[in-house]
Amino acid sequence: MANPRYNARETEARWQKIWAERGVFRTTNDDPRPKYYVLEMFPYPSGRIHMGHVRNYTMGDVVARFLRAKGYNVLHPMGWDAFGMPAENAAMQNKVHPKTWTYDNIAAMREQLKLMGLSLDWDREFATCDLDYYHQQQKLFLDFLAVDLAYRRKSKVNWDPVDQTVLANEQVIDGRGWRSGALVEQRELTQWFFRITAFSEDLLTALDGLERWPDKVRLMQKNWIGRSEGLRLRFAFIPPAPDDFPYLEVFTTRPDTLFGASFMALSPDHKLTEKLAESNDKIADFVAECRRMGTSVEAIETAEKKGVFTGLTVRHPFLKGVELPVYVANFVLMEYGSGAIFGCPAHDQRDLDFARKYGLNVTAVVLPPGADPNSFAVDDKAYVEDGTIFNSDFLNGMTIADAKEAVASRLEQRQVANIAEAAREVNYRLRDWGISRQRYWGCPIPVIHCPECDVVPVPETDLPVELPDDIDFDAPGNPLDRHPTWKHVDCPKCGGKARRETDTMDTFVDSSWYFARFTGPRADRPTEPDVVNAWLPVDQYIGGVEHAILHLLYSRFFSRAMKATGHVAVSEPFDGLFTQGMVTHETYKGEDGRWLFPEEVVFGAGGTTHAETGEAVTIGSIESMSKSKKNVVDPSAIITAYGADTARWFMLSDTPPDRDIQWTDAGVEGAHRFVQRLWRQVGALTGKLDRSGNGSDPSSPAALDLRKATHRTLAAVGSDIEKLHFNRAVARIYELMNTISAAAPGVDADPALAAAMAETLDILAKLIAPMMPHLAEEIWAGLGHETLISEEAWPEADRSLLVEDMIVLPVQVNGKKRGELTIARDASQADVEAAALALEPVNRFLDGRPPRKIVVVPQRIVNVVV
RNA sequence: GCGGGCGUGGUGGAACUGGUAGACACGCUGGAUUUAGGAUCCAGUGCUUCACGGCAUGGGGGUUCGAGUCCCUCCGCCCGCACCA
């Protein structure tokens, strides 16, 4: 330890090699210790790791190393979310095969990750594009298909006519394909779906049990599932009713407003609309116009409520002789309820806009509190608040809730002549999950289309359906579909000529069960029941909040579907979830407004300038790191310059882990200074330590104080890490470090302090080990230990050192602190009062009068009320 | 529009169930040491006052012996959803 400067690069490589050689982080499935499964969201192999990965994996590694030290059998694996579009884009742009591109990227990123010193079990690594992985995924698909959790139906999709592919909603920008720029069309295609709605209710109610999830995420999922209770009503047509439609079915959550109904509206996609359009050009034109309407945010926000009268009318269920015209309206969604509504303009803004446009009646039936029933009317703002029902016959005077119930029970008892049928119904906004993608680089859907036998699952013995390697990306569309031979197969059932499904699965399918596969990554079935059920659920899952809905909801569905098909025993995959914040950085712009990389910018006395051109640079807002704004810092460069421990320490310091952290040079340098300071301080002390005792010598108050500070820190850091409050744990370690520096000069003359210091430095090394594992190993070895600190147990805090006999009690007068007194911890209330009243500042405020009241909160505070 | 969250020094942020506001760090100021340092060490650092003290957790009001924390209200910022009947 003579070297005053810590050489991170040399040291980190050395310890990483030792860990790997000794297999320190390899996890076995038959370990008798209690299990703990730590998982960070696995990366997409884009080619290079970014700071978000560094932050995510640092946090996970702290948890993994901490729990390993606490005596758990920790599973901490890593893999690759490796299918997806970017590989195909690279293939088109750079003429490189998606497989080559992906595996090259994985190799590069694995090397980068290894430089971070993460305590991962690399033996369990896999990529979702590995044949073995998607083979098992195909088995899952077939199992889901067998129990009807996977199915095929026609569905509206965004179709890019140039690239000849389906686009996700996120890939449609202002109505145009993000790559081709072509106007996106709405097309009906037959697509594969997972029946996530089979679990709507369970996915919703089970959220309450996810106590170790952020409330925010649970709420987002709740809103996404969107449960609402109401009635399904069948309105009778004024004869003649259209063929095949004896009644008009609607769903409503507001049956209390039935007396205010003034029209009916069908979705443009409603079956009845389609039928009417066949013989009515106006309707047909209107439907076509609606189809052209984009699905973009802007299009919906600015869309005018429009419709066209169908010529049909229905009877009002309660009001004799009242007839309601039936329209087709652009704001009615086919996907929700029955695709038809009754319109009550007074109490729904959309209905009101529509009614005003077409001159329909607006009858208020909910009276705001205190309003005059004779004069209250709705103008151009619908009344949607609470109130009392009026203008509504038998509902008059009721609350909204009572009126809903009254209508429901009356309809159920069939007391209404004009309603053919009514039933209570629960609807969800959640839709089934469309998984078909017209893409090459994904898991092939293992079915065969036979002209005789229809859809035939690929027999399990014929699995895997392997992606062909010889493909070309010269033309738009799905290369699998264009492949000369791949799709031509014989029907497994009848042996006749048949066609292989050329759609592949959404890559979200791949990431919906990888956590289960990590428990038995080489099994010849998707999971080994004994093993997977011993490991799941994941105890702590860590990742970005951007996955709050899709990935996390899909994974919750998958667990249920895998449970239904016997692959796992749990319904909930992730017991604890933590969503970390993003990494941000300042942005920089040159004189012409172009974005600049941080390394292009020089901060001089004369202002901020460009390193090469010398032009003035504008410092812009702080944004999350992104390639487009160039405000990125490459983790490899940081690790090369400062070492992984510095990068890790910085990521854990100062900012709470769930908030965005700003990456700054000053911050990194500060973290690095601490690494050096720690190294220097420990190095300066190693020769002076006394290993013959622990320093519990009553004759040395300095030793006792140091031991108290050490054990207090030990207890606090442990509980901070358990709560993932890494920034507080870091602050505690800084505090201990300051205490050590202050005590260091006394070690020479005080043998008890030298002994206490030995214990303190051992504990310090263990405290930093989860966060800066390389430095911790180096210090541990330097302190004379021959074990690996990575395999050492977390120390126990000595509880007798955590309580003080004498405490400092703040004394307030009228709630303001005026002084403090040092008193025995177990002093009686009378003693505390007497001591407080004896304080000079208190007396100054008392001014000779007796206090009105004295509040003593034991061991906390004294408040004298004058 | 609906739903949710957050506002604390120059900065990032501490403050457990209401109980010493500003821990810890960055930055800054002064000093020491050094050929030099973006290295290290020491001291200081919410605002205000010569001082006693006064004022301070987005603004205003309330509950309480006591409020950053609880309640009401207003302002500002951020996030999610988006015609869901």
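Keep in mind the model is a prediction, meaning the values are calculated, not measured. In what follows, chains carry the letters A, B, and so on, assigned in the order in which the sequence lines appear, proteins first and then strands, with residues in each chain numbered from 1.
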Among C81(B), G4(B), C41(B), find the nucleotide with the atom closest to the side chain of L219(A). G4(B)
Could you tell me how far apart I549(A) (CD1) and G4(B) (C1') are, to the nearest whole angstrom? 12 Å
Check whether the ring centres of F650(A) and W663(A) lie less than 6.0 Å apart, and answer yes or no. yes
Provide a list of protein-nucleic acid N or O atom pairs under 3.5 angstrom, restricted to nucleotides 71-74 of chain B.
none

Wobble G-U and Watson-Crick pairs count when both distances are under 3.5 Å; given that, what is the 5' to 3' dot-bracket string of RNA chain B, with | for pairing to other strands? (((((((..(((......[....)))((((((.......))))))(((....)))..(((((..]....))))))))))))....
Using the P atom as the point on both nucleotides, what is the distance between C79(B) and C84(B), in whole Å? 23 Å
Let me spell it out: for each of S267(A) and A731(A), pick the nucleotide of RNA chain B with the closest heavy atom. Which residue's pick is nearer the 5' end? A731(A)
Those residues that, when tested against H711(A), pass ring pair (Phe, Tyr, Trp, His ring centres under 6.0 Å) (two or more places apart): none
Could you check how far CD of E669(A) sits from C1' of G37(B), rounded to whole Å? 13 Å
Given U20(B), C81(B), A85(B), identify the nucleotide with an atom nearest to the side chain of W224(A). C81(B)
What's S228(A) touching, base or sugar-phosphate or nothing? Going by heavy atoms closer than 4.0 Å. sugar-phosphate
F726(A): partners by ring pair (Phe, Tyr, Trp, His ring centres under 6.0 Å), with sequence neighbours left out: none
Which of the following nucleotides, U40(B), G3(B), C83(B), is nearest to the side chain of N223(A)? G3(B)
Taking atom types as modelled and ignoring hydrogens, do the side chains of T253(A) and E229(A) form a donor-acceptor contact shorter than 3.5 angstrom? no
Under 3.5 Å donor-acceptor pair, K216(A) side-chain atoms to C79(B) base atoms: no
Just the rounded figure in Å: distance from P of C81(B) to CG of L553(A). 13 Å
Which atoms of nucleotides 63-67 of chain B (N or O only) lie under 3.5 Å from a protein N or O atom, and what are those distances?
residue: C65(B); atom: O2'; partner: N863(A); partner atom: ND2; Å: 3.1
residue: C65(B); atom: O2; partner: N863(A); partner atom: ND2; Å: 2.6

Taking atom types as modelled and ignoring hydrogens, do the side chains of N631(A) and T587(A) form a donor-acceptor contact shorter than 3.5 angstrom? no
Greater than 12 external heavy atoms within 6.0 Å of E211(A)'s CD: no
Would you indicate what R673(A) reaches in the nucleic acid, counting non-hydrogen atoms under 4.0 angstrom: base, sugar-phosphate, or nothing? sugar-phosphate
On a whole-Å scale, what distance lies between the C1' atoms belonging to G59(B) and U8(B)? 15 Å
Expressed in angstrom and rounded to an integer, what is the separation of R677(A) atom CZ from A25(B) atom C1'? 11 Å
Pick the C1' atom in G53(B) and in C6(B), then give their distance to the nearest Å. 35 Å
Is the closest basic N to carboxylate O distance between R424(A) and E405(A) below 4.0 Å? yes
What does R431(A) touch in the nucleic acid at a heavy-atom separation under 4.0 angstrom: a base, only the sugar-phosphate, or nothing? base
Would you mind telling me which of U20(B), G80(B), C83(B) lies closest to the side-chain atoms of M220(A)? G80(B)
Is it the case that the side chain of D256(A) and the backbone of A403(A) share a donor-acceptor pair, with hydrogens and angles ignored and the cut-off at 3.5 Å? no
Touch check for L333(A), heavy atoms < 4.0 angstrom, all strands: base, sugar-phosphate only, or nothing? base
Residues in side chain to side chain donor-acceptor pair (under 3.5 Å) contact with N843(A), at least two apart in sequence or another chain: none
Does S653(A) offer a backbone N or O that forms a donor-acceptor pair with the side chain of N727(A) under 3.5 Å? no
Quick one: which protein N/O atoms are closer than 3.5 Å to N/O atoms of nucleotides 48-51 of chain B? Pair and distance per line, please.
none

Partners of Y383(A) by side chain to side chain donor-acceptor pair (under 3.5 Å), sequence neighbours excluded? none
In terms of side-chain geometry, is the basic nitrogen of R673(A) or E669(A) positioned less than 4.0 Å from the acidic oxygen of its partner? no
Y336(A) side chain to S228(A) side chain, donor-acceptor N/O pair below 3.5 angstrom: yes
Can you tell me, in whole Å, how much space there is between the C1' of U40(B) and that of U34(B)? 10 Å
Separation between the C1' atoms of G13(B) and A23(B), rounded to whole Å: 10 Å
Nearest-Å distance, NZ (K817(A)) to C1' (G54(B))? 17 Å
Neighbour count above 12 (heavy atom, 6.0 Å) for K222(A) NZ: no
Are F235(A) and Y247(A) close enough that their ring centres sit under 6.0 Å apart? no
Euclidean distance for P, G80(B) against C72(B) (whole angstrom): 27 Å
Could you pull out all residues at least two apart from Y358(A) that satisfy ring pair (Phe, Tyr, Trp, His ring centres under 6.0 Å)? Y327(A), F354(A)
Want to settle it: does A666(A) or F251(A) sit nearer the 5' end of RNA chain B, counting the closest nucleotide to each? A666(A)
For RNA chain B, which residues in residues 732-744 of chain A have a heavy atom at a distance below 4.0 Å? Y734(A), E735(A), N738(A)
Using a 3.5 Å distance criterion without hydrogens, assess whether the side chain of Q221(A) forms a donor-acceptor pair with backbone atoms of A548(A). yes
H725(A): which residues meet the side chain to side chain donor-acceptor pair (under 3.5 Å) condition with it, sequence neighbours left out? R728(A)
Do L203(A) and Y428(A) make a side-chain contact, defined as non-hydrogen atoms from C-beta onward lying under 4.5 Å apart? no
Do M59(A) and M651(A) have side chains that get closer than 4.5 Å, going by heavy atoms? no
Would you measure the distance from the C1' atom in G76(B) across to the matching atom in G58(B) and give it in whole Å? 7 Å
Classify the nucleic acid contact of V332(A) as base, sugar-phosphate or nothing, counting any heavy atom under 4.0 Å across all strands shown. base
Which way is the base of G9(B) turned, syn or anti, if we draw the line at 90° from 0? syn
Please confirm whether the backbone N or O of F251(A) pairs with a side-chain atom of N427(A), one donor and one acceptor, at under 3.5 Å? no
Nearest whole angstrom, please: distance from the C1' of U17(B) to the CD of Q859(A). 16 Å
Determine the interatomic distance between P on G30(B) and the same-named atom on U35(B); round to the nearest Å. 22 Å
Please tell me which of the listed nucleotides, C52(B), C55(B), C41(B), lies nearest to the side chain of R844(A)? C52(B)
Look for any protein N or O under 3.5 Å of an N or O in nucleotides 11-13 of chain B and output each such pair with its distance, or none.
residue: G12(B); atom: O2'; partner: T655(A); partner atom: OG1; Å: 2.9
residue: G12(B); atom: N2; partner: D654(A); partner atom: OD1; Å: 2.9

Does a sphere of radius 6.0 Å around NZ in K357(A) hold more than 12 heavy atoms from other residues, nucleotides or ligands, not counting ones at 6.0 Å or beyond? yes
In whole angstrom, give the distance that lies between atom CZ of R218(A) and atom P of G5(B). 13 Å
